[in-house]
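Notes follow once the structure below has been shown.
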Amino acid sequence: MVDRITVACLQISAGREVDPNLQTIGDMTRRARDAGAGFILTPEVAVMLEPKREPKFAKAEDEANPHAISFFAELARETGAWLLAGSMAVKLPDEDRLANRSYLFAPDGGIAARYDKIHMFDVDLAGGESYRESSQFRPGEATVVVETPFARVGLTVCYDLRFPALYRALAQAGAEILTIPSAFAVATGRAHWHTLLRARAIETGCFVLAPAQTGTHAEGRKTYGHSLIVDPWGEVLADGGEAVGIVTAELDLGRIAEARRMVPSLQHDRPFAPPRLA
């Protein structure tokens, strides 16, 4: 295992067509790799942010006939970096919904892990914004921790962030870095984004890497930006603000054990009776 690694979160403003987004991702990935990043991450739905159901399903990735997957595999081989395709819409056999699926690619281009987003964003926000993710995406059911040469990585996506038990389970299963690629709404981002990401890092003693979408997208959808890299003590190492760009930081992996020694709460679970109304 290495002691340090430079990571890069690509903060992009994805459009509704796949190939222009892939070109942007390729250009930014090469720049991040040239700057020394060994682990490079894209946001949620980085390949296509299409708000309408019919074109979304038509353009979704098909693992039996891959396009974006092949692109990421070749990009990993070309750059020699670990790449996280934060998520993409993927067709499912015999299913009228898609998967919101994250892929971790090894430097040889192989898929090291897949993760399907578990928690669906079904909410009505102030100002008239409404999301029903479960109407288009099938929730995942399996948690994922993957061994890499630099750390064990736990995979999650966006709305998963609001479910701390998931992150505790990942950390107790060995995760040392948590990935949270996102396309966070502006209103909830302003209110909660920084606090939740710092909390997940503090609670687990993990580094948190959260590449995010930013700006205004098709049909007027807006995302918050502020890609964050947070250390295990909850310190924000890098914040992408609102502009498109590359957010980098060097991770001192020794900080994981240090934080967990100082607050060993992952080892202190105790059984308790379910709550009841007194």
Side-chain angles (χ1 to χ4, degrees), residues 1-11 37-44 82 84 86-87 102 104 113 115 117-119 143-148 150-184 188-214 224-241 246-269:
M1 302 292 280
V2 299
D3 296 326
R4 292 175 179 267
I5 185 171
T6 297
V7 299
C9 293
L10 308 185
Q11 182 158 292
F39 185 20
I40 303 167
L41 307 87
T42 79
E44 181 184 26
W82 286 82
L84 181 79
S87 83
S102 188
L104 181 63
Y115 167 74
K117 183 177 181 180
I118 292 173
H119 298 97
T143 57
V144 176
V145 177
V146 59
E147 187 88 50
T148 75
F150 49 89
R152 290 174 179 164
V153 180
L155 306 185
T156 69
V157 175
C158 200
Y159 191 52
D160 286 334
L161 174 60
R162 294 186 179 274
F163 299 85
L166 170 61
Y167 295 90
R168 186 171 189 84
L170 290 170
Q172 290 179 326
E176 299 159 309
I177 293 174
L178 302 170
T179 62
I180 313 177
S182 297
F184 234 66
T188 52
R190 287 174 179 159
H192 301 147
W193 176 248
H194 289 73
T195 300
L196 289 172
L197 288 167
R198 294 185 65 210
R200 297 298 86 87
I202 293 165
E203 292 162 351
T204 62
C206 290
F207 282 98
V208 167
L209 311 182
Q213 295 268 4
T214 192
Y224 182 61
H226 290 278
S227 297
L228 291 190
I229 300 172
V230 187
D231 87 350
W233 200 243
E235 179 184 354
V236 175
L237 302 180
D239 183 332
I246 302 170
V247 183
T248 63
E250 183 181 63
L251 308 188
D252 176 358
L253 299 171
R255 291 281 287 157
I256 301 164
E258 178 184 346
R260 291 177 178 181
R261 280 195 303 270
M262 293 172 72
V263 182
S265 60
L266 291 174
Q267 304 170 33
H268 290 168
D269 287 288

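The first residue of the sequence shown is numbered 1, and numbering continues consecutively from there. Any value given below was found using the heavy atoms of this structure, including those in side chains, with hydrogens, waters and symmetry copies removed.
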Open item on the list: Whether the side chain of T6 engages the backbone of E250 through a donor-acceptor N/O pair (distance < 3.5 Å, no angle test) should be reported.
Closed with: no

Task: Contact summary for P232 and A259, nearest pair of heavy atoms - done: CB-CB, 3.7 Å

Task: Side-chain touch C9/I229, heavy atoms, less than 4.5 angstrom - done: yes

Open item on the list: Applying salt bridge (Lys or Arg N to Asp or Glu O under 4.0 Å), can you list everything that pairs with E235, at least two apart in sequence or on another chain?
Closed with: none

TODO: Compute the centroid of each ring, for F163 and then for Y167, and state whether the two points are separated by less than 6.0 Å.
DONE: no

Task: Nearest non-hydrogen partners of T204 and R168, listed with the distance - done: CG2-N, 4.2 Å

Open item on the list: I need the minimum non-hydrogen distance between G154 and A175, along with the two atoms involved.
Closed with: N-CB, 3.9 Å

Open item on the list: Is there a side-chain contact between L170 and T143 in this structure, where contact means two heavy atoms from C-beta onward sitting under 4.5 Å apart?
Closed with: yes

- [ ] Using modelled atom types only, decide if a donor and an acceptor are shared between the side chain of S102 and the backbone of G86 within a distance under 3.5 Å.
- [x] yes

Open item on the list: If you count every heavy atom of other residues, nucleotides or ligands that lies below 6.0 Å from R190 atom CZ, does the total exceed 12?
Closed with: no

Task: Value rounded to 0.5 Å, distance of CZ in R152 from SG in C206 - done: 11.5 Å

TODO: Kindly indicate whether the side chain of T156, heavy atoms from C-beta on, has any atom under 4.5 Å from the side chain of L161.
DONE: no

Open item on the list: Measuring from atom CD of Q213 to atom CG of L10, what distance do you get when rounded to the nearest 0.5 angstrom?
Closed with: 10.5 Å

TODO: Heavy atoms only: give me the nearest G205-I256 pair and the separation to one decimal.
DONE: O-CG2, 3.3 Å

Task: Closest non-hydrogen atom pair, A151 against I177 - done: CB-CD1, 3.8 Å

Task: Point-to-point distance, once rounded to the nearest 0.5 Å, from CD of E44 to OG1 of T179 - done: 11.5 Å

Task: Atom pair NE2/CG of H119 and L166 - distance to nearest 0.5 Å - done: 6.0 Å

Task: Check: W82 and I5 side chains under 4.5 Å, non-hydrogen atoms - done: no

Open item on the list: Just so I know, are the side chains of L237 and L251 near enough to count as touching, which here means a heavy-atom distance under 4.5 Å?
Closed with: yes

Task: Name of the residue among V145, V146, L104, D160 meeting side chain to side chain contact (heavy atoms under 4.5 Å, CB included) with Y115 - done: D160

Open item on the list: Just so I know, are the side chains of E176 and L253 near enough to count as touching, which here means a heavy-atom distance under 4.5 Å?
Closed with: no

Task: Minimum side-chain heavy-atom gap L197-H226 below 4.5 Å - done: no

TODO: Assign the ring pair F150 / F39 to parallel, tilted or perpendicular, where the plane angle (0 to 90°) is split at 30° and 60°.
DONE: tilted

TODO: Work out which heavy atom in E203 is nearest to a heavy atom in S265; give both atom names and the distance.
DONE: O-OG, 4.0 Å

TODO: Describe, in one word, how the ring planes of F184 and W193 are oriented to each other, choosing from parallel (under 30°), tilted (30 to 60°) and perpendicular (over 60°).
DONE: tilted

Open item on the list: Quick check for you: to the nearest 0.5 Å, what is the distance between I202 atom CD1 and W233 atom CH2?
Closed with: 8.5 Å

TODO: Under the side chain to side chain contact (heavy atoms under 4.5 Å, CB included) rule, what do I40 and I246 come out as? Steps first, then yes or no, please.
DONE: CA-CA 10 Å; I40 303 167; I246 302 170; over 6 Å; no

- [ ] Working to the nearest 0.5 Å, report the span between NE2 of H194 and CG of L196.
- [x] 11.0 Å

- [ ] Considering only NZ, NE, NH1 and NH2 on the basic side and carboxylate oxygens on the acidic side, decide whether R261 and E258 come within less than 4.0 Å.
- [x] no

Task: Validation row: L228, I180 side chains within 4.5 angstrom (heavy atoms) - done: no

